[in-house]
Amino acid sequence: MNPDFVSQFPREYQIEQELYRYLYLTAPMIVAVFIILGVVLVVNLVSVLLFGLLYANMAIFAMCGIVLFVMFFRYFSAIKTSQARFAEDTNNKGTITVTATICDGRLISGSSDREKPIEVACEHFKKAFETKHYYWVYTDDKMVYAFKKGAFSVGREEDFLPYIGKVIENKKRKK
């Protein structure tokens with residue numbers, strides 16, 4: 001068993017914050033929604049100023065406000081839930097150490113608070129992305145696994161995302 005990549009790090013609440021910030025606020029699709037809403041608001045504001053159609057555009061202003069409210073509500077709800085879950089997971093357990101390994105076509109995610117590690121075949125990788133402090137691997141079963149930047153003891157960190165990209169590309173070719 002020769003591991004390709006190993007990242008071992010203490011589990012901190014920062015993990016959840018970074019993941020949810022990406023998923024709810026900075027993912028490319030979410031940024032596109034923010035841009036579209038911004039353009040719609042600017043166009044409607046200009047039309048109100050130029051043509052005085054305030055009442056005609058009130059529904060659009062309200063819709064944009066509601067969409068933004070829902071997006072931020074989902075983000076803050078996810079953060080609040082993850083805080084409670086994190087506190088519950090780490091209560092009286094001290095520091096939890098996470099070890100994420102890619103070896104023999106499998107991702108093995110071990111944690112000092114679990115008896116058995118979670119194993120996922122690399123063929124189930126769906127997407128890989130990076131945030132400020134972590135690399136993330138998203139799988140077919142909608143699970144996300146973290147590899148902390150600067151915590152790689154095996155494998156070169158700069159080779160990690162290209163490696164995962166190749167695995168995902170090979171999966172797409174097989175279909």
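The analysis underlying the following values was restricted to heavy atoms, covering all of them including side chains, and did not include hydrogens, waters or symmetry mates.
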Indicate yes or no: at least one non-hydrogen side-chain atom of [X] is less than 4.5 angstrom from one of [Y].
X	Y	value
Tyr24	Ile79	no
Leu25	Phe72	yes
Val6	Thr99	yes
Leu45	Leu41	no
Ile102	Ile164	yes
Asp141	His124	no

Co-membership, hydrophobic cluster, residues [X] and [Y], 4.5 Å side-chain:
X	Y	answer
Tyr135	Val167	yes
Tyr163	Tyr134	no
Val144	Leu107	no
Leu23	Met71	yes
Met63	Leu68	yes

Between Tyr22 and Phe129, how do the two ring planes meet: parallel, tilted or perpendicular, split at 30° and 60°?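 Parallel: the ring planes of Tyr22 and Phe129 meet at under 30°.
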May I have the step-by-step check of side-chain contact (heavy atoms from CB on, under 4.5 Å) for Lys148 and Glu12, ending in yes or no? CA-CA 11 Å; Lys148 188 169 185 174; Glu12 302 164 336; 3.8 Å; yes
Evaluate Val120 against Met143 for side-chain contact (heavy atoms from CB on, under 4.5 Å), listing each step before the verdict. CA-CA 10 Å; Val120 179; Met143 293 296 292; over 6 Å; no
Please determine whether side-chain contact (heavy atoms from CB on, under 4.5 Å) holds for the pair Thr26 and Phe34, giving the CA-CA distance in whole Å, both sets of side-chain angles, and the decisive distance to 0.1 Å. CA-CA 10 Å; Thr26 62; Phe34 286 142; over 6 Å; no
For the atom pair [atom1] ([X]) and [atom2] ([Y]), what is the distance rounded to the nearest 0.5 Å?
X	Y	atom1	atom2	value
Ser82	Leu19	OG	CG	8.5 Å
Ser7	Glu157	OG	CD	8.0 Å
Ile108	Lys116	CD1	NZ	12.5 Å
Lys149	Phe9	NZ	CZ	13.0 Å
His133	Glu18	NE2	CD	5.5 Å

Between Phe5 and Phe147, does the ring centroid distance fall short of 6.0 Å?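 They do not qualify: ring centres at least 6.0 Å apart.
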Any idea which heavy atoms bring [X] and [Y] closest together, and the distance?
X	Y	answer
Asp140	Lys126	OD1-CB, 3.8 Å
Pro117	Gly110	CB-CA, 3.9 Å
Ser109	Arg114	O-NH1, 3.0 Å

What's the verdict on side-chain contact (heavy atoms from CB on, under 4.5 Å) for Tyr138 and Ile168, showing C-alpha distance, side-chain angles and the deciding distance? CA-CA 11 Å; Tyr138 183 73; Ile168 293 169; over 6 Å; no
I need the single residue from Tyr20, Trp136, Phe86 that forms a side-chain contact (heavy atoms from CB on, under 4.5 Å) with Ile15. Which is it?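 It is Trp136; the other options fail the test.
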Glu16 and its side chain to side chain donor-acceptor pair (under 3.5 Å) partner, picked from Arg21, Gln83, Arg11: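 Checked Arg21, Gln83, Arg11 against Glu16; only one passes side chain to side chain donor-acceptor pair (under 3.5 Å): Arg11.
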Looking at Arg74, I want to see if its CZ is surrounded by more than 12 non-hydrogen atoms of other residues, nucleotides or ligands under 6.0 Å.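 Open: at most 12 neighbouring heavy atoms sit under 6.0 Å from CZ of Arg74.
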